[in-house]
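For reference, the structure is listed below as structure tokens.
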Amino acid sequence: MQLLIIHADDFSYSLTGKTPVAEEIDKSAVTDTVSFFEEPLVVFCTVEKGDAKNNEDIVKQAFTEIKDIADKLKPRIIIVYPYAHLSNSLADPRLAVSTLESLKNEIAAFYPVYRAPFGWYKSFKISCKGHPLSESSRHITYLSEEEQANMPVKTSVNRKTREDIVKDVESEFFILNFDGKETKIDLKNESILEDKSLQGFPSLRKVIAYEEFKIKEGETPPSVSAMRRLEIADHEENSDSGHLRFYPKGTLLFKLLSDWAEDIALNRLNCMEIETPLIYNWNKPEIKGQGESFHERHYSILVPDEKSETGRFAPSKEFVLRFAGDFGLFSMLKDTKMSYKHLPLRFYEISKSFRYEKSGELAGLRRLRGFTMPDIHSFCLNLEEGFNEYQALYRTYADLAEGTGIEYAVVFRIVKEYYEKYKDKIVELLKYSKKPALIEVLSKMKHYWALKHEFQGVDSVNGSCQLSTVQLDVEDAKRYGLNFTTETGEKAGCIICHSSVGAIERWMYLIIEEALKKDIPVFPLWLSPTQVRIIPVSEKFNDVAVKLKEEIGGSDIRTDIDDRDFSLGKKIMFAEEEWVPYIAVVGRKEAESGVLSIRNRYKDRKNFNIDKADFIKEIKDETKGMPYRKLILPDMLSKRPIFVG
RNA sequence: GCUGGCGUAGCUCAAUGGUAGAGCAGCUGAUUUGUAAUCAGCAGGUUGCGGGUUCGAUUCCCAUCGCCAGCUCCA
């Protein structure tokens with residue numbers, strides 16, 4: 001059975017004629033009489049061939065789905081409206097009428113209900129409310145009990161809600177220091193923020209204040225306007241909100257960070273890189289099941305109905321934009337033969353994910369509806385190997401966070417039995433990153449993971465957002481059928497480490513925020529769009545500037561020339577406003593001596609004279625081991641368009 | 001999504017129930033500059049979009065979109 005359910009402001013229909021399969025109805029319901037309903041939930045129903053078998057269960061399931069929606073939306077009346085066009089495999093009309101009648105009777109026990117006559121041509125008018133829940137479709141099929149038990153995801157009937165699971169999980173909180181000292185803290189009491197266990201750890205204190213006590217500054221993070229002014233990223237008015245456009249400088253930043261995530265995954269961790277589709281079939285139970293845990297906040301994609309000549313969308317075909325990175329990989333591995341000899345296996349994928357975040361939640365580069373996640377998944381033999389992987393990933397991500405100089409704190413969340421067993425290993429990790437952590441100990445499994453941690457980045461207004469995470473997953477392998485063959489030839493589920501260094505956009509956010517914490521903001525040198533700006537004192541020295549640019553730029557250092565007709569002072573000002581780390585002024589002195597005069601924003605802000613070769617070496621040393629890309633903009637500033645005023 | 005704030009030139013921001021204004025950026029000309037703003041001129045607008053009240057609305061009202069903050073949310 002197919003259902004298309006619409007919550008409407010009003011709905012009206014009238015009969016326009018009989019079809020050969022029309023049911024007999026009361027003679028008073030003559031053609032042209034309009035039936036009008038206010039605030040209805042209109043359920044367009046198509047009874048299909050397969051619905052004959054276990055008809056009662058089908059009706060019950062359909063009823064459960066409808067009641068579920070009606071309970072949320074509280075319509076004044078539910079209209080069961082026969083609608084043959086949702087399927088191309090229609091049931092026998094007699095079965096259809098009886099099925100719809102039973103459905104109506106089920107609903108009648110809870111809600112006012114009306115059933116439109118079957119088999120008549122009808123004209124109708126509907127005004128859909130248009131809120132997120134106002135339109136939905138359901139496909140009801142019968143599953144035997146055995147099939148229900150084997151479904152990878154809970155079926156829509158008898159669904160245990162997230163609230164039910166979370167309800168009876170209790171949390172305890174500790175501060176665990178890297179010397180192994182553990183302090184139990186009471187997160188109901190704000191005074192713990194002044195506790196001595198947090199003294200000397202301002203970042204962790206800020207994260208606890210923001211995440212657990214919801215202490216907000218109420219200020220716009222300065223990166224929101226800086227990202228525009230610096231021509232990094234901007235809102236795109238012709239897209240949905242929460243989707244940004246990146247100017248060349250922002251694109252460079254984005255790509256450098258992506259290169260770096262990729263380099264770590266492929267060269268340091270030897271992951272296999274894969275690429276999987278962006279859209280998935282919403283009618284697949286494993287996709288829909290995951291969607292429910294994301295509160296169904298996804299983008300839907302409709303496709304043309306190839307059977308229709310009017311160019312309508314196909315009502316029974318719906319895709320979703322991926323809202324997490326696991327689908328494609330899991331789907332691939334479900335069909336992959338894995339032996340214990342292959343493990344551990346590591347996979348890397350970088351891809352955009354889309355989540356329809358509520359409008360009030362969006363914020364600059366911190367929270368978007370479309371964002372780019374590099375994901376690493378490790379598939380492991382057993383808990384021990386899983387833990388080794390976990391540690392390797394943790395260490396890698398800790399190195400990365402250090403590499404950008406951003407401020408962050410560590411939060412672990414762990415199920416009690418695992419904490420007792422693995423506490424020492426966590427201390428080892430904290431010792432590695434030389435940071436204490438907030439530990440949440442859960443009384444029992446709340447999610448699929450037994451253990452996870454987050455690196456929470458701290459912005460310049462004491463807000464925080466999650467960056468890297470690693471999750472030790474002890475359940476999903478069974479759920480998704482990700483098995484390997486053991487030494488004795490049996491099937492066993494993998495232990496999975498899900499991990500991500502964090503959305504690229506968030507790294508950009510925190511890097512801009514970190515810069516703005518300083519009196520003289522500047523990006524890490526390897527990320528600066530322009531690393532060296534050459535300013536000729538007058539047009540006469542443009543040739544000297546070009547020659548110098550070729551020498552420095554030839555060493556893979558992003559160099560450009562401000563050849564515009566401004567005074568020297570003004571060009572210096574523009575370069576400083578752009579956060580250019582090194583400014584080389586060239587005039588007669590430089591042309592004659594070959595020594596460079598450098599204005600330095602990057603380190604101590606002192607001007608210095610330096611030999612060309614030494615200068616190049618200094619920059620190369622400073623950016624060693626980090627990705628390099630050219631800035632794709634004209635070298636001459638006089639040739640550059642102005643993207644933002 | 002809810003509550004509040006904001007939306008005027010490319011940017012930052014004025015003003016007003018009665019012809020919408022400045023600085024910067026842009027363009028033209030002059031200037032050829034030594035470490036954070038050279039001078040002059042020109043051009044730039046359906047005051048977010050849509051309604052209403054009014055002789056007249058950018059201003060008042062309603063609705064809507066967007067941005068920001070708070071709430072909520074963040075498997």
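Remember, it's a predicted structure, so these values are computed and weren't measured experimentally. Letters A, B, ... mirror the listed sequences (proteins, then strands); counts begin at 1.
Among residues two or more places apart in sequence or in another chain, the side chain to side chain donor-acceptor pair (under 3.5 Å) test is passed with K570(A) by none. Residues forming a side chain to side chain donor-acceptor pair (under 3.5 Å) with K517(A) (at least two apart in sequence, or on another chain): E407(A), E514(A). Shown here are the side chain to side chain donor-acceptor pair (under 3.5 Å) partners of D473(A), two or more places apart in sequence or in another chain: H498(A). Taking the side-chain contact (heavy atoms from CB on, under 4.5 Å) definition, one finds that I520(A) meets it with R601(A), R605(A), sequence neighbours left out. D562(A) meets the side chain to side chain donor-acceptor pair (under 3.5 Å) test with R564(A); sequence neighbours excluded.
Using a 4.0 Å heavy-atom distance criterion, I572(A) is classed as a base contact. Here T220(A) lies in heavy-atom contact (under 4.0 Å) with sugar-phosphate atoms only. Among the atoms of the strands shown, base atoms are found under 4.0 Å from some heavy atom of G360(A). Counting any heavy atom pair closer than 4.0 Å across all strands shown, E219(A) reaches sugar-phosphate atoms only and no base atom. Note on P536(A): nothing from the nucleic acid sits closer than 4.0 angstrom, heavy atoms only. R367(A) comes within contact range of at least one nucleobase, with a heavy-atom separation under 4.0 Å. Residue contacts for R605(A): at a heavy-atom cut-off of 4.0 Å it reaches a base atom on one of the strands shown.
Residues E622(A) and Y602(A) bring a donor and an acceptor atom of their side chains to less than 3.5 Å of each other. The closest side-chain donor-acceptor pair between D240(A) and Y299(A) falls under 3.5 angstrom.
The pair E236(A)-R245(A) counts as a salt bridge, with a side-chain nitrogen and a carboxylate oxygen less than 4.0 angstrom apart. Salt-bridge formation is not detected for the pair E577(A)/R229(A): no Lys NZ or Arg NE/NH1/NH2 atom is positioned less than 4.0 Å from an Asp or Glu carboxylate oxygen. The residues E513(A) and R366(A) are annotated as not salt-bridged, no charged nitrogen and carboxylate oxygen being separated by less than 4.0 angstrom. We find that R413(A) and E454(A) are joined by a salt bridge, their nearest charged nitrogen and carboxylate oxygen being less than 4.0 Å apart.
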Return the polar atom pairs (N/O with N/O) between nucleotides 4-14 of chain B and the protein under 3.5 Å, or none.
residue : atom : partner : partner atom : Å
G10(B)  : O2'  : G645(A) : N            : 3.1

Report each atom pair, protein N/O against N/O of nucleotides 43-49 of chain B, whose distance is under 3.5 angstrom.
none

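No side-chain heavy atom of I632(A) sits under 4.5 Å from any side-chain heavy atom of T251(A).
Atom NZ of K606(A) has 12 or fewer heavy atoms from other residues, nucleotides or ligands within 6.0 Å.
Taking every heavy atom of residues 586-603 of chain A and every atom of RNA chain B, pairs under 4.0 Å involve G587(A), R588(A), K589(A), E590(A), S597(A), R599(A), R601(A), by number. Residues from residues 501-515 of chain A placing a heavy atom under 4.0 Å of any atom in RNA chain B do not occur. Of the residues in residues 205-216 of chain A, those with a non-hydrogen atom less than 4.0 angstrom from any atom of RNA chain B are K214(A), K216(A).
For K540(A), counting side-chain heavy atoms from C-beta on, the closest listed nucleotide (G1(B), U32(B), G26(B)) is U32(B). In the set A37(B), U35(B), A25(B), the nucleotide with an atom closest to the side chain of F574(A) is A25(B). Of all nucleotides listed (A69(B), C67(B), A30(B)), A69(B) comes nearest to the side chain of A363(A).
Across F354(A), Y356(A), W282(A), Y280(A), a single residue satisfies ring pair (Phe, Tyr, Trp, His ring centres under 6.0 Å) together with H298(A), and that is W282(A).
Within the cation-pi definition used here (under 6.0 Å to the ring centroid, within 45° of the axis), K216(A) qualifies as a partner of Y210(A).
Nearest-nucleotide positions on RNA chain B for N607(A) and H498(A) put N607(A) closer to the 5' end.
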Under the 3.5 Å Watson-Crick or G-U criterion, the dot-bracket string of RNA chain B, with | for inter-strand pairs: (((((((..((((....[..)))).(((((.......))))).....(.(((..]....))).))))))))....
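Between F455(A) and Y394(A), the distance separating the two ring centers is shorter than 6.0 angstrom.
Separating the CG atom of L362(A) from the P atom of C2(B) is a distance of 14 Å, rounded to the nearest angstrom.
Among pairs with a residue in residues 631-645 of chain A, those fulfilling side chain to side chain donor-acceptor pair (under 3.5 Å) read D560(A)-R640(A), D563(A)-S638(A), at least two apart in sequence or across chains.
Nucleotides C68(B) and G29(B) place their P atoms 41 Å apart, quoted to the nearest Å.
Side-chain N/O atoms of D565(A) and base N/O atoms of U32(B) include no donor-acceptor pair closer than 3.5 Å.
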